[in-house]
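What follows is one structure encoded as structure tokens, with my remarks underneath.
Values in this document were obtained by computation on a predicted structure and should not be read as measured data.
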Amino acid sequence: MKYHESATWLLIILTGSVFLVELLVMFFLDMLPPMPRITTFLLDSALLSTLIFPVFYFLVFRPLLRNIVELRKVKDELRISSVAFESKEPILITDVDANILRANKKFLYLTRYSSEEIIGKNPRIFQSGRYSKSFYKKMWKELLGTGSWTGETRIKGKHGHEIPIGMVITAVKNEQQETTHYVAVYNLY
């Protein structure tokens, strides 16, 4: 919504600027002695282009260049993040409600699940049954309190095999310091 309002205001400012500049050009041309019609059109176009260029430069072109530079930086960061995500360590990403959003190839290979089988599900599907509810309550209390949890556990793969692992879960926060995602990195023993 913010961008829509900004674009609307930009359009209003640009339209008003063109109108005012054209009005000034018309007043200027009216003060000149009579000249051939084609000369008037050419002078009108040249003056309008010359006077309106700075408005378009500062309101459209420069912000557009800044956005292109920012988009390139974001693209580079995403490329680096995707390489890091496909590291040798199994990684699982969930939303704030602990619904699985992504798992890297190493995690899928380790558990023998496909992405389609786990996306949208809760990581509880990997619980081995070895740990009590108090273990998970304690884990969540630390995670919610400090923003991370580190520990050893066992997860269950697709065919019931147990996998002993070390795990680090980290809360991802936005600018308002609200948790938006959780990233779990698993270390194999």
Side-chain angles (χ1 to χ4, degrees), residues 1-11 60 62-189:
M1 189 69 171
K2 177 183 173 186
Y3 298 108
H4 178 70
E5 290 173 7
S6 297
T8 302
W9 277 110
L10 179 62
L11 187 60
V60 177
R62 276 185 43 182
L64 189 61
L65 281 179
R66 260 188 255 126
N67 284 344
I68 289 170
V69 169
E70 288 175 22
L71 285 173
R72 284 188 180 150
K73 286 179 185 176
V74 168
K75 183 180 174 185
D76 287 344
E77 289 174 14
L78 285 172
R79 184 176 43 77
I80 292 166
S81 295
S82 71
V83 168
F85 183 71
E86 290 304 333
S87 73
K88 292 184 179 189
E89 301 295 332
I91 300 173
L92 190 68
I93 299 175
T94 71
D95 63 16
V96 70
D97 298 319
N99 297 308
I100 299 169
L101 299 176
R102 266 186 94 182
N104 71 352
K105 291 175 189 171
K106 185 69 174 186
F107 185 89
L108 297 173
Y109 176 79
L110 178 71
T111 61
R112 304 290 190 242
Y113 282 99
S114 68
S115 287
E116 295 77 24
E117 291 173 304
I118 64 172
I119 300 296
K121 297 199 173 139
N122 189 289
R124 277 187 222 108
I125 63 172
F126 307 116
Q127 287 181 0
S128 66
R130 285 182 175 253
Y131 302 95
S132 66
K133 286 184 180 184
S134 66
F135 172 83
Y136 293 106
K137 282 183 183 179
K138 192 174 171 184
M139 179 190 78
W140 275 103
K141 183 177 180 183
E142 185 175 334
L143 181 57
L144 294 173
T146 66
S148 67
W149 179 83
T150 304
E152 296 177 10
T153 186
R154 289 179 181 255
I155 61 172
K156 182 175 64 172
K158 181 177 181 177
H159 303 295
H161 62 286
E162 284 189 10
I163 307 160
I165 53 147
M167 180 168 50
V168 177
I169 304 173
T170 306
V172 178
K173 298 184 184 285
N174 61 18
E175 295 83 23
Q176 293 79 31
Q177 295 304 306
E178 301 165 329
T179 300
T180 59
H181 299 84
Y182 294 102
V183 176
V185 179
Y186 300 84
N187 299 306
L188 301 174
Y189 294 123

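Side chain of Asn104 to main chain of Glu89: a donor-acceptor pair is present (N/O by atom type, distance under 3.5 Å, no hydrogens or angles).
The distance from the NZ atom of Lys137 to the OG atom of Ser132 is 9.5 Å, given to the nearest 0.5 Å. With rounding to the nearest 0.5 Å, the separation of CG in Leu108 from CD1 in Ile91 is 11.5 Å. Rounded to the nearest 0.5 Å, atoms CD1 (Ile100) and CD1 (Ile125) are 4.5 Å apart. To the nearest 0.5 angstrom, His181 atom NE2 is 11.0 Å from Thr179 atom OG1. Distance check, rounded to the nearest 0.5 Å: OH of Tyr113 to NZ of Lys121 gives 8.0 Å. Of the inter-residue distances, the one linking Arg112 atom CZ with Glu117 atom CD reads 12.5 Å to the nearest 0.5 angstrom.
Nearest heavy atoms, Tyr131 versus Arg154: OH-N, 3.4 Å. The two residues Thr150 and Glu142 have their closest heavy-atom pair at N-OE2, 4.4 Å. Of all heavy-atom pairs spanning Leu143 and Ala171, the tightest one is CD1-N, 4.3 Å. Closest approach of Ala184 and Ile169 over heavy atoms only: CB-CG1, 4.1 Å. Contact detail for Pro123 and Ala98: the closest heavy-atom pair is CD-O, 3.0 Å. Nearest heavy-atom pair, Ser128 versus Lys156, reported as atom, atom and distance to 0.1 Å: CA-CB, 4.1 Å.
For an aromatic pair to be called close, the ring centres must be under 6.0 Å apart, and Phe126 with Tyr186 fails this. Ring-centre distance between Trp149 and Tyr182: not below the 6.0 Å cut-off.
By the 4.5 Å heavy-atom criterion applied to side chains, Thr111 and Lys158 are not counted as neighbours. Side-chain contact check for Asn99 versus Thr94: every heavy-atom pair is 4.5 Å or farther apart. Using a 4.5 Å heavy-atom cutoff, the side chains of Arg124 and Tyr136 are not in contact.
No more than 12 heavy atoms of other residues, nucleotides or ligands sit less than 6.0 Å from atom NZ of Lys105. The local environment of OH in Tyr109 is sparse, with at most 12 non-hydrogen atoms from other residues, nucleotides or ligands closer than 6.0 Å.
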Dump the intermediate steps for salt bridge (Lys or Arg N to Asp or Glu O under 4.0 Å) on Lys73 and Asp76, then the final yes or no. CA-CA 5 Å; Lys73 286 179 185 176; Asp76 287 344; over 6 Å; no

